[in-house]
J.: 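One structure, as structure tokens, below. Some questions next.
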Amino acid sequence: MISLPAQSIQNQRKWVLSAVGAFLTFGLVFYAHNLYTTMEKPLPHHSIYAETSQPGAIPKDLPGLISELWKPMLHNVNDTTFVTDEGYKYDIPKKAHRWTKPLGKKLLILDVDTRLDLGPGALLNEDPLRQDNVTGRTGGWLDHYLYAMIHGYDYRLVRAPEYPDRHGTWVKVPMIKEALKTHDFVVFLDADAVFMYPHMPFEWLMSLWNISPSTLMAISEDPDSKRNRDANGWVMWNTGFIVAQQSNRTQELFDIWEKCPTGERYPDCRRWAKDWAHEQAAFSNHVRYDYKDSDDVRVIPCMDGNGAPYIGDKKCGGVFVRHHWFHKDWPIRNLREGILDMFVKRLHGHFHSKKQDYFIDANKKKYPLEGMQI
Ligand SMILES: *[C@@H]1O[C@H](CO)[C@@H](O)[C@H](O)[C@H]1NC(C)=O
Ligand SMILES: *[C@@H]1O[C@H](CO)[C@@H](O)[C@H](O)[C@H]1NC(C)=O
Ligand SMILES: *[C@@H]1O[C@H](CO)[C@@H](O)[C@H](O)[C@H]1NC(C)=O
């Protein structure tokens, strides 16, 4: 997990191989899918692998195709438990509000940046993009875009106007506020933050974190270190992953936050216009003290929504949302692995659903194979 140079070259090779594999797999699955949708029968005992498409129901549009590809693997929103790849068992708290209806386009996955990058590997570059020259930022944004497609959420990448007198990271605050005028829920992520389980509906995570219909926003804790504490020694919250829910009071909260560096309400907030950690320090040092009710601002455990397993603080493992502060190109790896994992599962599942056609056990026969056809 730690980035040793030799290992990272090896990893790079692995990714290239994986990506080539993914490409071939895609062609194969699509071909096989076309050929066999009319003959498939779902496996009763292996529902995660069951093929769901009805004959002739292959969607022609990419979002439809993507959601169809992931459909057999989605975690059920009504399931109260989830066991992670590391073996951590998560239970939705008994008293938590349950989000069981798909939020669809009411939920917006939001990316924001002020820079217009048109260089090699950039998302906004119109040249055909090769998987091996995707930049880290493009990898993160495509991860978010893919997640939105899988679950049918809305997606925007917004190039925000710069503030003349503030650090660039501030723009997420007014942009989330604006996005809440058209969407009930806004999920904002930094470009170096990724979804670890593409098949996990966001509604399930909202239940896990006990986001209720009256919650204004939810935000993840930072690792507990001296540098990450506010003036009173309280650990800061990280603005790299924010869930905001539309309401008049949410608009008010974002308005107070956005105006913080004017110094009108909080005179000491002026410095956070430019000093690190900018909007994050403004929120942690000032705004949150006016929203102390935990149902107003829900704190997402650092383990679930921030950090990564390779950082020093083992309470910040980035289980559901991982934040690659120190490895800005690792979102590319998450994107590739997420896609490849789905294809391997579906190929494997398809093989099992058609095993009677593709597998012949001739082990007990003698040559020539009498009474048997390949
Ligand atoms: C979850 O439960 C609700 C209410 O019982 C039901 O309407 C919905 O279809 C279920 N969702 C899934 C994915 O099973
Ligand atoms: C990919 O990388 C190559 C070589 O670095 C470059 O010429 C090309 O423009 C890049 N493509 C994109 C879409 O960025
Ligand atoms: C929200 O604010 C608007 C405008 O001030 C007002 O018309 C509306 O009634 C408010 N909604 C609620 C639920 O308080």
Side-chain angles (χ1 to χ4, degrees), residues 110 112 114 160 163 165-177 180 186-193 209-212 214-245 247 249-308 311-326:
L110 178 66
V112 178
T114 54
Y163 282 100
D165 53 352
R166 293 186 194 185
H167 190 278
T169 61
W170 265 99
V171 297
K172 64 180 73 164
V173 180
M175 275 306 159
I176 296 170
K177 183 170 183 274
L180 284 170
V186 175
V187 178
F188 169 87
L189 295 104
D190 280 350
D192 56 358
W209 297 324
N210 194 14
I211 292 172
S212 81
S214 59
T215 302
L216 311 182
M217 76 181 241
I219 181 167
S220 179
E221 282 173 309
D222 242 347
D224 193 2
S225 70
K226 215 168 175 185
R227 182 177 143 94
N228 286 342
R229 294 196 195 123
D230 74 1
N232 296 320
W234 185 10
V235 68
M236 287 204 272
W237 296 338
N238 191 289
T239 53
F241 174 42
I242 293 171
V243 187
Q245 179 171 207
S247 74
R249 289 188 62 228
T250 311
Q251 286 292 324
E252 187 184 75
L253 181 156
F254 276 82
D255 195 53
I256 290 171
W257 189 2
E258 201 268 334
K259 292 199 172 86
C260 190
T262 63
E264 283 158 31
R265 187 179 173 110
Y266 313 105
D268 295 340
C269 194
R270 286 195 183 89
R271 59 177 291 212
W272 303 121
K274 292 204 165 130
D275 288 2
W276 189 87
H278 325 126
E279 82 292 343
Q280 181 167 301
F283 193 84
S284 290
N285 278 285
H286 305 288
V287 182
R288 66 173 168 178
Y289 287 89
D290 284 333
Y291 290 89
K292 280 192 131 173
D293 184 336
S294 71
D295 204 40
D296 281 347
V297 179
R298 196 63 91 201
V299 185
I300 298 168
C302 198
M303 192 68 189
D304 300 3
N306 201 7
I311 67 166
D313 188 338
K314 295 304 168 205
K315 289 191 187 125
C316 287
V319 170
F320 293 106
V321 173
R322 188 159 297 177
H323 206 162
H324 292 297
W325 308 295
F326 307 123

J.: Are any of the side-chain heavy atoms of I242 and I176 separated by less than 4.5 Å?
T.: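 A side-chain contact under 4.5 Å exists here.
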J.: Once rounded to the nearest 0.5 Å, what's the spacing between atom CG of D165 and atom CZ of R270?
T.: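 Answer for the CG-CZ pair, D165 versus R270, is 12.0 Å.
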J.: Sort and list the pairs that fulfil ring pair (Phe, Tyr, Trp, His ring centres under 6.0 Å) and have at least one residue in residues 216-237, not counting sequence neighbours.
T.: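 Residue pairs passing ring pair (Phe, Tyr, Trp, His ring centres under 6.0 Å), neighbours aside: W234-W237, W234-Y289.
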J.: How about K315 and C302: do any of their side-chain heavy atoms sit closer than 4.5 Å?
T.: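 K315 does not reach C302 side chain to side chain.
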J.: What heavy-atom pair brings D230 and M236 nearest, and what distance separates the two atoms?
T.: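 Closest approach of D230 to M236, heavy atoms only: N-CG, 4.0 Å.
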J.: Start with the C-alpha distance between D255 and K177, add both sets of side-chain angles, then the distance that settles side-chain contact (heavy atoms from CB on, under 4.5 Å), and finish with yes or no.
T.: CA-CA 8 Å; D255 195 53; K177 183 170 183 274; 3.8 Å; yes
J.: Between P223 and C316, which heavy-atom pair has the shortest distance, and what is it?
T.: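 Scanning both residues completely, I find the closest heavy atoms to be CA-SG, 3.5 Å.
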J.: Does one side chain, of N238 or D222, offer a donor that lies under 3.5 Å from an acceptor on the other?
T.: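 Looking only at side-chain atoms, D222 and N238 do form a donor-acceptor pair, the distance falling under 3.5 Å.
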J.: Evaluate the side-chain contact (heavy atoms from CB on, under 4.5 Å) criterion for residues L189 and V321: first the C-alpha distance (whole Å), next the side-chain angles of each, then the deciding distance (0.1 Å), finally the verdict.
T.: CA-CA 9 Å; L189 295 104; V321 173; 3.9 Å; yes
J.: Is there a side-chain contact between V187 and F241 (heavy atoms, below 4.5 Å)?
T.: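 Yes, side chains in contact.
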J.: Please check if the side chain of H323 supplies one atom and the backbone of W325 the other of a donor-acceptor pair under 3.5 Å.
T.: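 Pair absent, no side-chain N/O of H323 close to backbone of W325.
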J.: Please find the pair of heavy atoms, one from N306 and one from S220, that lie closest to each other, and give the distance.
T.: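 Looks like CB-OG, 3.2 Å.
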J.: Who passes side-chain hydrogen bond (donor to acceptor under 3.5 Å, both in side chains) against K274, sequence neighbours left out?
T.: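 K274 satisfies side-chain hydrogen bond (donor to acceptor under 3.5 Å, both in side chains) with no other residue.
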J.: Where do L216 and S247 land on the side-chain contact (heavy atoms from CB on, under 4.5 Å) test, with the steps shown first?
T.: CA-CA 7 Å; L216 311 182; S247 74; 3.6 Å; yes
J.: Scan side-chain atoms only and decide if H324 and D192 contain a donor-acceptor pair under the 3.5 Å cut-off.
T.: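 Distance-only check fails for H324 and D192.
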J.: Could you grab the distance from atom CH2 of W276 to atom OG1 of T169, nearest 0.5 Å is fine?
T.: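 Result: 10.5 Å between the selected atoms.
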J.: E279 and side chain to side chain contact (heavy atoms under 4.5 Å, CB included): which single residue from T239, V171, V287 fits?
T.: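 Of the listed residues T239, V171, V287, the side chain to side chain contact (heavy atoms under 4.5 Å, CB included) partner of E279 is T239.
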J.: Tell me, do W272 and H286 make a side-chain contact under 4.5 Å, heavy atoms counted?
T.: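 Yes; the side chains approach each other to less than 4.5 Å.
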J.: I'd like to know if the side chain of Q245 and the backbone of T215 have a donor-acceptor N/O pair within less than 3.5 Å.
T.: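 At least one qualifying donor-acceptor pair exists.
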J.: Which class fits the ring pair W257 and F283: parallel under 30°, tilted 30 to 60°, perpendicular over 60°?
T.: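 Taking F283 first and then W257, their aromatic rings sit tilted (interplane angle of 30° to 60°).
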J.: Check S284 against R288 and note the closest heavy-atom contact, atom names and distance.
T.: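 Minimum heavy-atom separation between S284 and R288: O-NE, 2.7 Å.
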J.: Out of the candidates V243, L253, V186, only one should pair with M217 under the side chain to side chain contact (heavy atoms under 4.5 Å, CB included) rule; please name it.
T.: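 Single pass found, and it is L253.
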J.: Mind checking whether P174 and F254 have side chains closer than 4.5 Å, heavy atoms only?
T.: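 A side-chain contact under 4.5 Å is absent here.
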J.: Identify the heavy atoms of L180 and A244 that sit nearest to each other, and give their distance.
T.: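 Answer, listing the atom of L180 first, then A244: CD2-O, 3.6 Å.
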J.: What's the spacing between E252 CD and Y291 OH if we round to 0.5 Å?
T.: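 Going from CD on E252 over to OH on Y291, the span is 4.5 Å.
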J.: I need the I219 CD1 to Q280 CD distance, nearest 0.5 Å.
T.: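 Going from CD1 on I219 over to CD on Q280, the span is 7.0 Å.
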J.: D190: which residues meet the salt bridge (Lys or Arg N to Asp or Glu O under 4.0 Å) condition with it, sequence neighbours left out?
T.: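 Applying salt bridge (Lys or Arg N to Asp or Glu O under 4.0 Å) to D190 gives K172.
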J.: Keeping D313 on the side-chain end and D224 on the backbone end, is there a donor-acceptor pair under 3.5 Å?
T.: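 Yes: the side chain of D313 pairs with the backbone of D224.
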J.: Does a donor on one side chain and an acceptor on the other come within less than 3.5 Å for S214 and D295?
T.: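 A donor-acceptor contact under 3.5 Å links the two side chains.
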J.: Give me the atom names and distance for the closest heavy-atom approach of G307 to I311.
T.: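 Smallest interatomic distance, heavy atoms only, reads CA-CD1, 4.0 Å.
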J.: Just by modelled atom types, is the N210 backbone N or O under 3.5 Å from a matching donor or acceptor in the R298 side chain?
T.: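 Yes.
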